[in-house]
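Working notes, structure below.
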Amino acid sequence: MSDGDFVKEIASKDTDFSQWYIDVVKKADLADYTMVKGCMAIKPYGYSLWENMQQCLDQKIKATGHKNAYFPLFIPESLLTKEAEHVEGFAPEVAWVTHGGNQKLEERLAVRPTSEAIIGSLYSKWIHSWRDLPVLINQWANIVRWEKVTRPFLRTTEFLWQEGHTAHKNQQEAEEETLKILRIYQEYIENDLAIPVLIGKKSANEKFAGAMHTYTLEALMGDGKILQAGTSHNLGQNFAKAFDIRFLDENQVEQYAWTTSWGTSTRLVGGIIMVHGDERGLKLPPKVAPIQIVIVPILFDKSKQEVLKKAKELTDILAKDFRVELDDRDAYTPGWKFNEWEMKGVPIRVEIGPRDLAKNQVMAARRDKMEKTIIPENDLVLTLKKWLEDIQNNLYFSAKSRLEKNIRFAESYDDFKDVIEQKRGFIKTYWCGNSECEEQVKNDTKATIRCLASEKDDDSSKGKCIYCGKDSKSLVYFGRAY
RNA sequence: CGGGGUGUAGCGCAGUUUGGCUAGCGCACCUGCUUUGGGAGCAGGGGGUCGGAGGUUCAAAUCCUCUCACCCCGACCA
């Protein structure tokens with residue numbers, strides 16, 4: 001039997017990836033469209049997934065000495081415009097508040113597209129001495145960016161994220177922070193979300209507006225396109241100078257602080273869908289799945305009461321170790337439920353019916369491999385625990401092997417264009433460091449430099465630029481990005 | 001902003017060319033009975049005024065004018 005026999009509600013992943021993506025978002029009950037373009041409602045199942053993701057990352061952020069805080073949604077125009085490169089980068093996508101009630105405001109207010117400006121202006125009040133540093137703050141917040149093309153989770157007008165903002169007493173400490181966060185992000189995205197990433201520095205064209213440099217994590221999606229999964233910026237003293245964040249150091253010398261900022265967003269929900277999903281729908285990594293195990297009782301008239309009773313007992317037992325749900329809805333047949341929970345990506349399904357009752361066993365099915373196995377009741381908790389770990393690893397390693405197969409080396413620009421047209425994925429190649437070459441490649445192929453693989457004096461950087469043929473400064477990864 | 005397309009029930013669509021009975025179908029929804037180990041069956045039922053405004057006509061989902069929204073391609077773009 002082919003998948004087509006089962007999948008009645010979602011488009012084919014192979015032939016129509018973007019429709020498949022939209023279908024999964026809607027049918028798995030993650031989110032819904034609203035009256036405002038680009039603004040989605042995140043439904044309970046999707047939000048629960050986000051909450052689990054938040055929790056995983058929040059723990060890691062806090063474990064490294066950062067504290068959460070909250071800053072305002074509105075940023076006065078005069079504040080936003082203080083860092084020139086920053087404004088220029090964000091101006092086209094800022095939403096403005098011009099009226100309070102019926103009264104026109106003296107100065108219009110930006111709805112934050114990111115919070116460097118508002119936080120920078122406050123840090124200037126809070127930081128006076130080297131003893132005040134470092135300041136290590138993170139906030140979970142919503143952000144608005146007026147994008148022309150929007151897609152649920154991947155690029156929405158309003159989205160949820162965390163943004164860290166830190167201030168340090170010297171360049172080195174700021175750089176260490178930037179890299180520490182990069183590693184935390186990598187751990188979170190690879191271990192918790194099971195999404196393998198390539199990490200590295202951004203080119204000047206692609207770095208954050210106003211940053212000294214940006215580190216990024218780049219992930220391969222199911223259609224060969226690349227998703228930027230998170231970024232960590234070393235802002236140097238640019239923002240400290242713009243927002244006047246100064247302190248007296250140990251030697252009584254006045255200095256500007258060195259700041260960093262870093263963020264990951266609900267976009268990663270889109271990443272989870274596009275990395276792990278298949279023809280049947282979502283496939284969720286156990287560590288963040290809202291429901292890890294669903295129990296479907298198989299009900300016949302004669303045995304209904306006993307089976308339900310047993311199913312409830314099992315649910316209570318499993319609830320001590322897992323996020324578990326009993327699906328005792330009467331209106332749907334087991335087959336219908338199987339398909340629905342598969343679409344929603346629940347890692348493990350446990351079936352219990354009269355046959356199992358008699359033998360003190362259950363039937364269990366894994367979403368990742370679509371295998372059904374009988375498990376004796378006595379072994380249940382241990383087996384399921386092992387399965388969840390297994391599924392988590394399996395998702396990661398299959399994604400990892402897909403990633404590795406989709407990093408290709410391009411010898412010539414013709415090769416490069418062929419690969420981008422036909423296979424996509426990452427292309428590893430040399431680059432001279434000139435923005436114009438990067439720009440030309442983008443115009444020709446829509447591919448951009450996702451990140452640098454190595455730089456300058458490193459031997460591995462030596463080669464000829466893929467576009468102009470001159471000596472290269474860097475080995476880089478190109479790809480078409482979301 | 002340029003080119004193309006689509007708006008009829010929650011979703012997907014037919015009907016529009018050639019105006020005419022109470023605007024129809026599938027899925028979903030509600031009620032009841034029978035069912036339930038891979039998307040159940042039968043019976044009954046609720047829901048739309050045809051994107052909006054104006055016009056032509058005895059009569060408009062259908063023809064005309066204007067307008068709005070959305071989608072695709074291009075341009076733009078963390």
Side-chain angles (χ1 to χ4, degrees), chain A residues 1-11 16 18-19 22-23 26-27 32-38 85-86 88-94 113-114 116 143 145-151 154-157 159 161 163 202-211 214-218 226-233 261-265 267 280-281 296-304 307-308 311 327-343 349-359 361-365 370 372 374 442-443 446 448-451 481-482:
Chain A
M1 249 187 292
S2 75
D3 277 344
D5 295 335
F6 294 111
V7 180
K8 298 180 177 173
E9 301 180 31
I10 54 182
D16 197 353
S18 30
Q19 190 57 50
I22 303 281
D23 287 346
K26 288 172 86 167
K27 305 289 180 173
D32 201 1
Y33 290 93
T34 66
M35 319 270 290
V36 183
K37 176 181 148 70
E85 204 182 324
H86 188 59
E88 201 188 321
F90 283 102
E93 47 190 60
V94 170
T114 179
E116 276 74 7
I143 289 293
R145 296 182 188 176
W146 218 263
E147 303 282 357
K148 285 183 180 162
V149 178
T150 59
R151 307 181 72 185
L154 294 177
R155 174 166 278 124
T156 47
T157 303
F159 58 92
W161 77 347
E163 50 181 324
K202 282 290 190 191
S203 67
N205 272 6
E206 298 281 325
K207 79 173 167 66
F208 179 72
T214 289
Y215 293 99
T216 180
L217 304 96
E218 302 281 327
I226 314 301
L227 187 74
Q228 178 175 299
T231 47
S232 180
H233 318 292
S261 70
W262 25 277
T264 62
S265 71
R267 173 180 250 203
R280 287 167 176 274
V296 179
I298 310 297
L299 305 173
F300 296 89
D301 265 352
K302 295 154 241 166
S303 52
K304 189 166 181 173
V307 169
L308 261 181
D327 184 359
D328 58 359
R329 290 175 296 177
D330 209 25
Y332 300 99
T333 61
W336 194 93
K337 292 177 182 176
F338 297 168
N339 282 286
E340 188 186 45
W341 292 115
E342 279 159 10
M343 188 144 63
R349 179 182 72 243
V350 168
E351 302 166 25
I352 176 146
R355 289 207 300 258
D356 307 304
L357 225 55
K359 298 181 194 164
Q361 64 180 36
V362 301
M363 182 71 85
M370 296 300 294
K372 259 185 171 183
I374 289 168
K442 186 180 176 184
N443 289 342
K446 292 182 186 163
T448 48
I449 295 177
R450 300 321 306 155
C451 66
Y482 269 99

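Protein chains get the first letters and strands the later ones, always in sequence-line order, with residue 1 at the start of each. Treat the numbers as computed from the prediction; the structure is a model and nothing was measured. Any value given below was found using the heavy atoms of this structure, including those in side chains, with hydrogens, waters and symmetry copies removed.
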Is there a Watson-Crick or G-U wobble partner for [N] with both distances under 3.5 Å, and which nucleotide is it?
{"N": "B:G7", "answer": "B:C68"}
{"N": "B:G74", "answer": "B:C1"}
{"N": "B:U16", "answer": "none"}
{"N": "B:U31", "answer": "B:A43"}
{"N": "B:A61", "answer": "none"}

Please give, in whole Å, the distance from [N] [atom2] to [X] [atom1]?
{"X": "A:Asp330", "N": "B:C30", "atom1": "CG", "atom2": "P", "answer": "13 Å"}
{"X": "A:Leu299", "N": "B:G37", "atom1": "CG", "atom2": "P", "answer": "10 Å"}
{"X": "A:Trp161", "N": "B:A78", "atom1": "CH2", "atom2": "P", "answer": "14 Å"}
{"X": "A:Asp16", "N": "B:C72", "atom1": "CG", "atom2": "P", "answer": "11 Å"}
{"X": "A:Ile226", "N": "B:A78", "atom1": "CD1", "atom2": "P", "answer": "18 Å"}
{"X": "A:Glu351", "N": "B:G37", "atom1": "CD", "atom2": "P", "answer": "10 Å"}
{"X": "A:Lys442", "N": "B:C77", "atom1": "NZ", "atom2": "P", "answer": "6 Å"}
{"X": "A:Trp341", "N": "B:G38", "atom1": "CH2", "atom2": "C1'", "answer": "16 Å"}

Check whether the side chain of [X] and the base of [N] form a donor-acceptor pair under 3.5 Å.
{"X": "A:Arg145", "N": "B:A78", "answer": "yes"}
{"X": "A:Gln228", "N": "B:A78", "answer": "yes"}
{"X": "A:Lys372", "N": "B:G38", "answer": "yes"}
{"X": "A:Glu342", "N": "B:G38", "answer": "yes"}

*Mapping A:Phe90 and A:Pro297 to their closest nucleotides on RNA chain B, which lands nearer the 5' end?*
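It is A:Pro297 whose nearest nucleotide is closer to the 5' end.
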_First encountered from the 5' end of RNA chain B, between A:Lys27 and A:Ile298_ =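 Per heavy-atom nearest nucleotide, the more 5' residue is A:Lys27.
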*A:Asn339 has a side chain; which of B:G38, B:G37, B:U36 sits nearest to it?*
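In terms of side-chain proximity for A:Asn339, the closest of B:G38, B:G37, B:U36 is B:G38.
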_B/S/- contact track for nucleotides 40-45 of chain B, protein heavy atom under 4.0 Å_ = B-----
_Phosphate OP1/OP2 of B:G74 contacted by A:Lys446 side-chain N/O (<4.0 Å)_ =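 It does, given that an N or O in the side chain of A:Lys446 lies less than 4.0 Å from OP1 or OP2 of B:G74.
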Using atom [atom1] of each nucleotide, how far apart are [N] and [M] to the nearest Å?
{"N": "B:C71", "M": "B:G12", "atom1": "P", "result": "13 Å"}
{"N": "B:C70", "M": "B:C11", "atom1": "P", "result": "15 Å"}
{"N": "B:G54", "M": "B:C68", "atom1": "C1'", "result": "14 Å"}

Looking at every strand, decide which applies to [X] at a 4.0 Å heavy-atom threshold: base, sugar-phosphate, or nothing.
{"X": "A:Glu93", "value": "sugar-phosphate"}
{"X": "A:Asp356", "value": "base"}
{"X": "A:Arg329", "value": "nothing"}

*Rounded to the nearest 0.5 Å, what's the gap from CD1 on A:Ile352 to CG on A:Leu308? Could you check?*
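A:Ile352 CD1 to A:Leu308 CG: 10.5 Å, rounded to 0.5 Å.
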*Classify the ring geometry between A:Tyr332 and A:Trp336 as parallel (under 30°), tilted (30 to 60°) or perpendicular (over 60°).*
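Rings of A:Tyr332 and A:Trp336: parallel, under 30°.
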*Kindly assign one of parallel, tilted or perpendicular to the pair A:Phe208 and A:His86, based on the angle between their ring planes and the thresholds 30° and 60°.*
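Plane angle between 30° and 60°, so tilted.
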*What are the two closest non-hydrogen atoms of A:Glu116 and A:Ser261, and how far apart are they?*
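Nearest pair, atom of A:Glu116 first, then A:Ser261: OE2-OG, 2.6 Å.
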*Quick one: do A:Lys337 and A:Glu351 make a salt bridge, cutoff under 4.0 Å?*
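The answer is no: the pair does not qualify as a salt bridge.
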*asked:* Any carboxylate oxygen within less than 4.0 angstrom of a Lys/Arg side-chain nitrogen, looking at A:Arg349 and A:Glu340?
replied: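 A salt bridge is absent here (no side-chain N lies under 4.0 Å from a carboxylate O).
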*asked:* With heavy-atom distances below 4.5 Å as the criterion, would you say the side chains of A:Thr157 and A:Thr150 are in contact?
replied: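 Yes; the side chains approach each other to less than 4.5 Å.
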*List the steps and the verdict of side chain to side chain contact (heavy atoms under 4.5 Å, CB included) for A:Arg267 and A:Leu227.*
CA-CA 9 Å; A:Arg267 173 180 250 203; A:Leu227 187 74; 3.8 Å; yes
*side chain to side chain contact (heavy atoms under 4.5 Å, CB included) between A:Glu147 and A:Thr156: does it pass, once the steps are laid out?*
CA-CA 7 Å; A:Glu147 303 282 357; A:Thr156 47; over 6 Å; no
